[in-house]
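Proteins get letters first, then strands, A, B, ... in listed order; numbering begins at 1 in each. Computed from heavy atoms alone, side chains included, the values below leave out hydrogens, waters and symmetry copies.
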Amino acid sequence: MKKNIFYLMIGVVALVLLAIFGYSVEKFTPVLFMIAFVIGVILLYVAYRRVDDFIEDERSARITEKAAMRTLQVFWVCFCAFSIMAVMNLLYMPRFSREFWLNRENDIVPPELMSLKIIGYIQLALLCLMIFLYVGFRIYYARKYGDWETDEE
Amino acid sequence: MKNKIKVYRAMQDLTQEDLARAIGVTRQTILAIEKGKYVPSLDLAFRISRHFKVNIEEVFTYEEGVRTVDID
């Protein structure tokens with residue numbers, strides 16, 4: 001398969017996924033979109049393996065490897081911080097506020113829980129952060145390993 | 001790591017694209033190696049020198065104490 005056909009396929013899969021997303025939202029069937037998304041990714045992966053005019057040499061592999069590693073290093077810190085905050089929120093922690101200790105005999109209102117909606121939005125934001133980090137690191141390492149060097153030939 | 005790929009290419013009248021195709025890498029990789037932006041693996045260094053039919057030390061020279069971009 002030629003790589004242009006693969007790029008075309010990405011566009012088609014994205015459009016189909018967008019349509020399924022719209023349908024899922026309208027009919028409130030999030031599972032449908034989840035399944036479609038996974039199938040779409042698998043389909044693209046299988047297609048990617050069949051592309052024969054991609055030249056991936058050791059330099060491009062190294063760029064990918066470095067960018068992925070750095071992305072993971074930054075992302076896990078952000079994800080860990082968010083997860084700890086979310087768990088603490090769910091467990092009503094920390095209970096160190098003055099109000100809590102002053103009113104512990106009475107029925108106190110627990111601190112407001114983070115809604116699932118907010119958690120979902122933050123997760124989506126973290127996902128976007130991961131994509132931006134990866135693209136940023138990829139550009140950085142591609143430049144470092146001479147991707148945009150000019151040639152005097 | 002210094003290299004004389006450009007010199008050997010000129011001697012054999014090869015373009016970067018020709019050399020890249022012959023050893024199975026991208027032209028950008030040859031350019032990056034020539035400019036010292038990327039230090040090739042031992043395998044690739046051998047393939048390049050074998051293509052020029054010379055020993056690896058004739059194409060690549062290791063410079064003591066010179067930190068290359070590939071280290072970090």
> Which atom names give the shortest non-hydrogen contact between B:Tyr38 and A:Arg62, and what distance separates them?
Replying inline: CE1-CD, 4.1 Å
> What do the steps show when you test A:Arg59 against B:Thr26 for side-chain contact (heavy atoms from CB on, under 4.5 Å), and what is the final call?
Replying inline: CA-CA 9 Å; A:Arg59 191 183 59 92; B:Thr26 58; 4.0 Å; yes
>> Using a 6.0 Å cut-off, check whether atom CG of B:Asp13 has over 12 heavy atoms from anything other than its own residue.
In response: no
>> Quick check for you: to the nearest 0.5 Å, what is the distance between A:Ile63 atom CD1 and B:Thr29 atom OG1?
In response: 7.5 Å
> More than 12 heavy atoms of other residues, nucleotides or ligands under 6.0 Å from CE of A:Met34: is that the case?
Replying inline: no
> Quick one: side-chain hydrogen bond (donor to acceptor under 3.5 Å, both in side chains) pairs with a partner in residues 20-38 of chain A, sequence neighbours left out?
Replying inline: none
>> Clusters formed by hydrophobic residues whose side-chain heavy atoms approach within less than 4.5 Å: which one holds A:Phe132, and what are its other members?
In response: none
